[in-house]
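We count residues from 1, following the sequence as given. Just so you know, these numbers come straight off a predicted model, no measurement behind them.
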Amino acid sequence: MNNRYDVKQEVTDKYSLRGRVFNKLRADILSGKYKENEELREVAIGEELGVSRTPVREAFRQLELEGLIQIIPNKGAYVTGITVKDVKDIYMIRSKLEGLCAYWATIHITDEQMEELEENIYLSKFHAQKGHMEQIADLDNRFHEVLYEACNSKMLEHQLRDFHDYVLRVRKKTLSQFKRSTESTLEHEKIFEAIKNKKPQEAEKLANQHIVNAYKNMVKNGLYEAYGQETSKEDEFFYGTDTDNMLE
C-alpha cells in the first residue's frame, strides 16, 4: 500500500501546484515536523509529495521570503522556523489587528454570522462542562474565523489567518489548559455582546485585550518550554503587571 502524500491528487485545492507544495511545507514546519536548522532536501521532498523539484524549489523561495527557511548558496535550505520573539511580535501585532477586525465586524456582520457566533459560544460552554478540550479548541478557531470573514476586508482576513497559522502549534498546547479555555469562551461572549449591541469601540477593546490575555497565558503555560528556552525577564514583567504595558 502506498501511503505517500500525493499533492497532485488534491483536486479540490484552489492553489497552484507550487502553492500547494508551499502550504504543505509551511504547515509541516509550523507543526514541528521539520526542526530548527534541519536541512530540507529538494529531491526527498519532491518524492514525498509526488512532484518534480521545480515546484519544491519555488516553494523554498517563498518560504524564505516568509522567514521560515534560509537558503545558503552551494549548501542547501535550512529551517529557521518561528522563534519565541516571533510569537510575541505576532501576538502584539495581532492584538491590534483583531481589535480592528472586531470593530469592522460590528459594522458589517450578517445575521447568519451572528447566529453562528451565538451557537459557537453555546457549544463552547457545553463542551467546557464536559471537558472536551479538542472540541473547544476547534470552536475557538472557528469563532475567530467568523470574525475574520465578517470584517469585510480580504487584506485583514488574509493577514490574521497567516498569524493564526504561525502560532497554532503552541496555541493548541496552551488552549488545552481548562482554566484558559473557559476564560477564553467568556471573553468571546463579551466580544459577541458588544458586536450584537452595535458597539464597535467596545468590541475593538475587548478583542484587543482577548489576544493580550491569550499571549499572557501562553507565557505562563508552555510558550518557552515549547521552544526549549527559559522565560525572559521581559515577559516575566509583562505577564505579571498591567496588560496595557504589554502593548507599549
Side-chain angles (χ1 to χ4, degrees), residues 12-16 18-20 22-24 26-27 29-30 59 62-63 65-68 82 85-124 137-172 175 184-218 243-244 246-248:
T12 60
D13 197 312
K14 63 181 179 181
Y15 298 106
S16 65
R18 179 190 64 181
R20 296 201 296 270
F22 163 75
N23 281 287
K24 179 66 169 63
R26 183 171 71 166
I29 291 172
L30 295 176
Q62 196 170 352
L63 289 166
L65 289 175
E66 290 208 1
L68 294 177
I82 297 259
K85 184 182 183 303
D86 293 334
V87 173
K88 177 183 173 183
D89 290 349
I90 286 170
Y91 266 80
M92 295 306 97
I93 297 168
R94 184 182 166 200
S95 69
K96 295 295 189 181
L97 296 183
E98 290 269 359
L100 178 61
C101 177
Y103 188 103
W104 284 348
T106 306
I107 299 170
H108 299 292
I109 195 166
T110 65
D111 291 341
E112 290 77 12
Q113 289 166 337
M114 283 293 295
E115 289 175 4
E116 183 171 357
L117 288 182
E118 187 169 25
E119 182 181 14
N120 182 287
I121 293 167
Y122 172 81
L123 290 173
S124 296
D138 289 340
L139 286 165
D140 184 278
N141 286 335
R142 183 56 190 160
F143 180 89
H144 288 277
E145 287 174 354
V146 175
L147 287 185
Y148 300 163
E149 294 162 5
C151 78
N152 196 36
S153 170
K154 64 181 180 181
M155 301 303 293
L156 181 56
E157 180 179 353
H158 174 74
Q159 191 65 66
L160 283 170
R161 286 184 185 278
D162 272 354
F163 282 164
H164 204 70
D165 289 343
Y166 285 157
V167 295
L168 190 58
R169 177 168 60 97
V170 181
R171 186 172 164 276
K172 278 185 175 179
L175 261 180
S184 181
T185 298
L186 293 176
E187 290 167 12
H188 285 177
E189 187 170 25
K190 290 179 180 179
I191 295 169
F192 167 76
E193 290 296 333
I195 294 173
K196 181 179 179 181
N197 293 321
K198 301 299 181 183
K199 296 180 178 180
Q201 292 180 327
E202 183 177 342
E204 179 179 21
K205 182 179 179 180
L206 289 167
N208 177 290
Q209 188 64 58
H210 174 60
I211 302 303
V212 171
N213 292 344
Y215 177 74
K216 289 172 63 179
N217 175 70
M218 291 177 76
T243 54
D244 289 340
M246 294 184 67
L247 304 179
E248 293 179 355

Any I211 side-chain heavy atom under 4.5 Å of L97 side chain
no
Below 4.5 Å, heavy atoms only, C-beta onward: do L206 and E187 meet side chain to side chain?
no
If we only count heavy atoms from C-beta on, is the Y91 to K88 side-chain gap below 4.5 Å?
no
Can you list every ring-ring contact (aromatic ring centres under 6.0 Å, His included) pair that touches residues 189-209, not counting sequence neighbours?
none
Check side-chain hydrogen bond (donor to acceptor under 3.5 Å, both in side chains) between Y103 and all other residues, then give those that pass, not counting sequence neighbours.
none
Can you confirm whether K85 is buried at NZ, in the sense that more than 12 heavy atoms of other residues, nucleotides or ligands lie under 6.0 Å from that atom?
no
Can you find a heavy atom in the side chain of H210 that is under 4.5 Å from one in the side chain of H144?
yes
Kindly write out the residues that satisfy side chain to side chain contact (heavy atoms under 4.5 Å, CB included) with A59, not counting sequence neighbours, or none if the list is empty.
V21, F22, L25
Would you call L160 and L147 a side-chain contact if the rule is heavy atoms closer than 4.5 Å?
no
Is E149 paired with R142 through a side-chain N to carboxylate O contact shorter than 4.0 Å?
yes
D162 side chain reached by H158 side chain, heavy atoms, under 4.5 Å
yes
Would you check if V146 and N120 make a side-chain contact, meaning some heavy-atom pair closer than 4.5 Å?
no
